[in-house]
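Note that these values count all heavy atoms, side chains included, but never hydrogens, waters or copies made by symmetry. Letters A, B, ... are given to chains in the order of the sequence lines, protein chains preceding strands, and every chain is numbered from 1.
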2 protein chains.
Amino acid sequence: MLCGRGLLAVLRRRRGDGVSGGIRRILRHEKGNGERAVLTRNDRTKIAILRAIHELVSPAGASKVGERLEAMGISLHQRTIRYYLMQLDNEGLTRLVSRRRGRELTERGAEEASQVDAVDKIGIVSAKIDAAVYRMSYSLTTGAGKVIINRSLIDPADIRRALDEMRTVFANAYAVASRLSVAKPGEQMGSERVPDGSLAIGTICSVTLNGIFQKEGIPVRSRFGGLLEIRDRRPTRFVEMIEYRGSTLDPLETFIRADMTSVREVVRRGNGIICASFREIPAVALEHARQVERAMRARGISGVMAMGRPNQPLFDVPVSEGYAGVVVMGGLNPIAALREAGIPATVHSLADIVAFDSLLPVNEVLRRWPLPE
Amino acid sequence: MLCGRGLLAVLRRRRGDGVSGGIRRILRHEKGNGERAVLTRNDRTKIAILRAIHELVSPAGASKVGERLEAMGISLHQRTIRYYLMQLDNEGLTRLVSRRRGRELTERGAEEASQVDAVDKIGIVSAKIDAAVYRMSYSLTTGAGKVIINRSLIDPADIRRALDEMRTVFANAYAVASRLSVAKPGEQMGSERVPDGSLAIGTICSVTLNGIFQKEGIPVRSRFGGLLEIRDRRPTRFVEMIEYRGSTLDPLETFIRADMTSVREVVRRGNGIICASFREIPAVALEHARQVERAMRARGISGVMAMGRPNQPLFDVPVSEGYAGVVVMGGLNPIAALREAGIPATVHSLADIVAFDSLLPVNEVLRRWPLPE
DNA sequence: TGACTATACGGCCATATTGCCGTATTCACC
DNA sequence: GGTGAATACGGCAATATGGCCGTATAGTCA
């Protein structure tokens, strides 16, 4: 209390600006005193770079490192990265292999890099997305390969009702593709066994689209997952959003678990809230992306809802300079509908990687579990 | 990290370096071509400054602007702000009133500033937090004033069970303070009328703590809301987290709606998951903050769970340079327990501002709704 | 009124980042 | 073994940001 006012002043001027000589001296003194060395922002950047190299298979140049960093949510220009790499070289943490191949970590560098902190341990979604994209292999040319799926578990007794609900969502193209897979208790779906007493439903995850674009050479940034308001069957605006970078949970999964959607209303009356994801692609790649999108559509993958124009906001959401916005359907929309219908379901997004062929068109699935009359 | 900028994060374009001459030329060409001028990162910063001045009642200097910006998630030093202010002066968007009073917006400036985009329209939680903090008025000295509450609605028939559940949570101090308010249908709670057929329960929101510290001159940054694992009654680690800056929803509210907590288990057996929030305070204010914390405790406000050391990670979560971490209880933990017990409840966090006196100690509330034997 | 204090400005300089570009090293392919 | 493309490096200069400090202004108070 007594120091209230004084301290207030100190805090406000924490940065030194306008602080009178006396206090400044005290601050300096404290600083130079007992405290041990502390990471400066600069050091943190360097550590991030070390980690990036660590994750890549050694020798790497600034551009590769840059891509990793970007994925980690740190934007630095290549020149800047080289600037730090030079410093790291001097500190003996990295070493220039050759002018063509770039740098590798020294032993000490590898050591530094493997210190992880909590946030990394828990894992930000964007990192999981990157990992999944890296592992998938679906190719537009062949129409085959592995795709990323979400897995949901329901009670086997509910399957017919569930399919009935999902069918309408697929029919209105509020999902990534009209395909799904259903696995019975004990069967295998992807790398996991379906637990007893449950049916597993696999739906294509919208992150698969990132992978497809990626394969065509178009890098995609996942910005945020959101709830998109639909009016008269047209997307209108985002009503809620959570950044992928700032979350350890998939936002869309969270929205669905919190029962915040109204996909059924959208299907029935054309008004309501669905899950959608906002992404960005480089403006230069826009034309190419449109072609890819057409090709996807021809393959029955219709998850791209809208593509914006260079540097122009899309649904009022501003995009980064040099990029264009892309809005894609949430792969979990069918599952959302099912929960809205009161059918209990646990949701797990980005769950696994499976062959595209193992997912069947809704109609075929319906043939196996015909709807009650 | 480089100064974060929330959803509007200025994501920089990777361009130029490493791109072969051909593409670089294309980029340049497009740029000079038909497209209209585009915001550079620099401009975005300026717009943020314009907005900050707009929100403050005109004439303001760099330090006031800085505080607003900080609250908006943009960290800039005062000197830097002045640097931009000079440019804005030249562009005719701001005007120097007097060397003591700072700047005000010109007409053109005010115009620029009032252009809002989607993200602002929806509203990031951190902005809501700031607004609430600004409006509250509780004073530690007097023990009175207005505090921020969360409002939850339940079925009146459930009230006794609900109180029974909440009581244990309060008893174990997993909430901000052992007080709550209950309002019947038709009664007024804060600024809103309780809807027919529901009881409203008001619990103190943890953001109130920000306000208390603020009042003592200690600025508090809300970093993220998370799920905190408790083992043997001791906080252990965060298992999920969502940044306040990257979300339009209160993360804790979302976790609770998604039924991801196990507060009852924590109360009963000492192991489980509760809601908690991670915040940062300037390292220089740490000692003062401890005093304030003791004073709060003396007033029955015990929501501060842990305070870290300068620049040191807390529960493995790294803090910004020059700051210390603070973990506070989620004000909604009692409500989480109630939902876990199967009592339906809708949750609305940061709902309102009410007089501290209007919240009663649990025991008194229990006297009005005695538990069944 | 005159001393003192709080708040703000802007000059000067250091550091951090980025832009532009010429050069080095490999690789794939003639 | 020569050529062109791709990838990487680092020098040099321009911006952006932050630190330090002297000065200007407007209240407060004896």
Polar-atom pairs under 3.5 Å, protein N or O versus N or O of nucleotides 26-30 of chain C: list them with distances, or write none.
residue	atom	partner	partner atom	Å
dT26(C)	O4'	Arg100(A)	NH1	3.2
dT26(C)	O2	Arg100(A)	NH1	2.3

Between protein and nucleic acid, restricted to nucleotides 11-14 of chain C and to nitrogen or oxygen atoms under 3.5 Å apart, what atom pairs and distances do you find?
residue	atom	partner	partner atom	Å
dG11(C)	N7	Arg79(B)	NH2	3.0
dG11(C)	O6	Arg79(B)	NE	2.7
dC12(C)	N4	Arg79(B)	NH2	3.4

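Between the side chain of Ser137(B) and the main chain of Gly145(B), no donor-acceptor pair closer than 3.5 Å is present. A donor-acceptor pair under 3.5 Å is formed between the side chain of Thr106(A) and the backbone N or O of Gly92(A).
Distances were taken from every side-chain heavy atom of Leu96(A) (C-beta onward) to each of dT18(C), dG19(D), dG10(D); the shortest belongs to dG10(D).
Counting to the nearest Å, the C1' atom of dT7(C) and the CZ atom of Arg103(B) are 13 Å from each other. Distance, Gln78(A) CD to dG10(D) C1': 13 Å, rounded to whole Å. When rounded to the nearest whole Å, the span between NE2 of His77(B) and P of dT15(C) equals 16 Å. When rounded to the nearest whole Å, the span between CD1 of Ile81(B) and P of dA8(C) equals 11 Å. Nucleotide dA16(C) holds its P atom 16 Å from the CG atom of Leu85(A), rounded to whole Å. The nearest whole Å value for the distance from the CD atom in Glu67(B) to the C1' atom in dA8(C) is 14 Å. Rounded to an integer number of Å, the gap from CD of Gln87(B) to P of dG10(C) is 12 Å. Going from atom CD1 of Ile49(B) over to atom P of dA16(D) covers 12 Å, rounded to whole Å.
The side chain of Ser63(B) places an N or O atom within less than 4.0 Å of a non-bridging phosphate oxygen (OP1 or OP2) of dA8(C). Listed pair Tyr83(A) / dA16(C) meets the phosphate criterion, a side-chain N or O lying under 4.0 Å from OP1 or OP2.
Counting heavy atoms from C-beta outward, Arg221(A) and Arg279(A) have side chains that stay 4.5 Å or more apart. Counting heavy atoms from C-beta outward, Ser247(A) and Glu243(B) have side chains that stay 4.5 Å or more apart. The closest side-chain heavy-atom distance from Leu286(A) to Pro310(A) is below 4.5 Å.
Taking the ring centre of Tyr244(A) as origin, the terminal cationic atom of Arg223(A) falls outside the region bounded by 6.0 Å and 45° from the ring axis.
Ion pairing between Lys46(A) and Glu91(A) holds under the 4.0 Å rule for side-chain N and carboxylate O. Ionic pairing of Asp89(B) and Arg103(B) is present here: one or more N-O contacts between side-chain nitrogen and carboxylate oxygen are shorter than 4.0 angstrom.
Taking every heavy atom of both residues into account, Met136(B) and Lys146(B) meet most closely at CB-O, 3.5 Å.
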